[in-house]
**Student:** 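Have a look at this one.
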Amino acid sequence: RKEVEQDPGPFNVPEGATVAFNCTYSNSASQSFFWYRQDCRKEPKLLMSVYSSGNEDGRFTAQLNRASQYISLLIRDSKLSDSATYLCVPPPGSSYKLIFGSGTRLLVRP
Amino acid sequence: DAGITQSPRHKVTETGTPVTLRCHQTENHRYMYWYRQDPGHGLRLIHYSYGVKDTDKGEVSDGYSVSRSKTEDFLLTLESATSSQTSVYFCAISESLLAGGGNEQFFGPGTRLTVL
């Protein structure tokens with residue numbers, strides 16, 4: 001099993017829709033995790049930092065399920081500007097090195 | 001935005017030539033990283049640094065070397081470039097390595113390298 005697995009998508013949703021991405025992982029020793037957003041031909045940018053089991057920031061909610069070893073990102077009321085690739089970074093293992101998922105592509109259509 | 005710059009932003013070179021990419025930060029962060037990003041593989045760690053002159057290998061370090069002589073600069077060198085090293089290279093920085101605060105990474109704008 002890969003250390004981090006993400007559905008590459010694309011997820012094609014209409015404006016205003018709610019969409020959720022999951023990211024499964026193995027080998028975790030901590031509880032902190034991150035979600036990044038990456039636009040085409042740009043660098044990844046930090047979207048959410050979570051140092052507990054979950055966090056909510058406006059339309060975005062990130063959650064950790066330690067028992068099932070996955071993290072999730074929920075986007076409510078999708079905007080056209082949310083179209084991007086979302087990279088998950090699950091809780092790091094004992095090496096403390098962050099492992100990035102390959103990304104889930106989201107397309108929000110008018 | 002974090003103060004991270006990379007140079008050059010684009011480079012085309014030939015197989016067998018040496019190439020050096022530079023990452024410069026103004027945040028005074030201790031930890032710096034070099035990644036490559038390829039379709040289907042996501043971001044893969046090449047090398048990282050935990051202080052001046054202190055570096056370690058990542059998961060895809062073969063064919064690459066790094067140096068850090070100052071806190072603000074982290075150099076990635078391809079001693080003899082190969083076509084398999086055609087990729088987008090990102091530098092990243094973080095305040096900490098340990099989970100619990102400060103270990104989130106911030107990325108530079110990337111260098112697009114093509115090896116012919």
Side-chain angles (χ1 to χ4, degrees), chain A residues 2-10 21 23-53 55 57 62 64 66 71 73 84-105, chain B residues 1-7 9-10 21 23 25 27 29-50 55-61 87-114:
Chain A
K2 285 185 178 179
E3 285 190 86
V4 180
E5 293 198 58
Q6 272 190 273
D7 182 343
F21 312 131
C23 170
T24 58
Y25 65 90
S26 57
N27 303 324
S28 167
S30 77
Q31 194 158 277
S32 64
F33 64 97
F34 312 110
W35 281 95
Y36 284 76
R37 171 200 169 117
Q38 186 173 23
D39 294 293
C40 188
R41 301 177 76 84
K42 299 285 189 180
E43 73 273 24
K45 293 195 174 180
L46 185 65
L47 179 66
M48 295 187 75
S49 299
V50 187
Y51 296 101
S52 60
S53 61
N55 192 17
D57 183 3
L64 166 68
R66 286 180 70 89
I71 61 174
L73 178 69
T85 296
Y86 291 84
L87 310 180
C88 69
V89 186
S94 57
S95 70
Y96 301 111
K97 291 175 188 172
L98 300 186
I99 306 294
F100 287 78
S102 298
T104 297
R105 190 168 172 217
Chain B
D1 287 349
I4 313 169
T5 56
Q6 291 184 232
S7 59
R9 295 292 313 280
H10 302 270
L21 309 184
C23 177
Q25 60 143 332
E27 305 296 321
H29 282 6
R30 178 177 175 184
Y31 299 91
M32 297 185 75
Y33 312 81
W34 276 108
Y35 291 89
R36 61 178 290 174
Q37 188 174 38
D38 305 287
H41 289 280
L43 285 161
R44 292 182 291 175
L45 182 65
I46 304 172
H47 282 279
Y48 69 102
S49 170
Y50 47 97
T55 65
D56 203 354
K57 295 179 179 180
E59 63 178 305
V60 290
S61 59
S87 187
V88 180
Y89 291 86
F90 288 104
C91 172
I93 65 174
S94 69
E95 283 187 279
S96 172
L97 197 61
L98 299 180
N103 68 321
E104 53 267 73
Q105 295 179 14
F106 299 93
F107 287 82
T111 294
R112 199 165 291 271
L113 176 68
T114 301

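Only a predicted model underlies this, so the values are computations on that prediction, with no experimental measurement involved. Just so we're on the same page: letters track the sequence lines, and every chain starts at 1.
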**Student:** Mind checking the CD-OH spacing from B:Gln105 to A:Tyr36? Nearest 0.5 Å is all I need.
**Tutor:**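 Reported value, rounded in 0.5 Å steps: 5.5 Å.
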**Student:** Determine whether the aromatic ring centres of A:Phe100 and B:Phe90 lie less than 6.0 Å apart.
**Tutor:** no
**Student:** Please report the interatomic distance CD(B:Glu104) to CE(A:Met48), rounded to the nearest 0.5 Å.
**Tutor:** 12.0 Å
**Student:** Let's test your reading of the structure: which of B:Arg112, B:Gln37, B:His41 forms the most heavy-atom pairs below 4.5 Å with chain A?
**Tutor:**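 Counting heavy-atom pairs under 4.5 Å, the top option is B:Arg112.
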**Student:** Which bit of B:Arg44 comes within less than 4.5 Å of chain A, counting heavy atoms only: side chain, backbone, both or neither?
**Tutor:** neither
**Student:** Between A:Ile99 and chain B, with a heavy-atom cut-off of 4.5 Å, which part of the residue counts as in contact: side chain, backbone, both or neither?
**Tutor:** neither
**Student:** Given that the side chain runs from C-beta out, which part of A:Gln38 has a heavy atom under 4.5 Å from chain B: side chain, backbone, both or neither?
**Tutor:** side chain
**Student:** Please give me the minimum heavy-atom distance between A:Leu98 and B:Tyr35, naming the atom from each residue.
**Tutor:**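 Scanning both residues completely, I find the closest heavy atoms to be O-OH, 4.3 Å.
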**Student:** Quick check for you: to the nearest 0.5 Å, what is the distance between B:Gln6 atom CD and A:Glu43 atom CD?
**Tutor:** 8.5 Å
**Student:** Can you name the nearest heavy-atom pair linking A:Ser102 to B:Gly42, along with the distance?
**Tutor:** OG-N, 3.9 Å
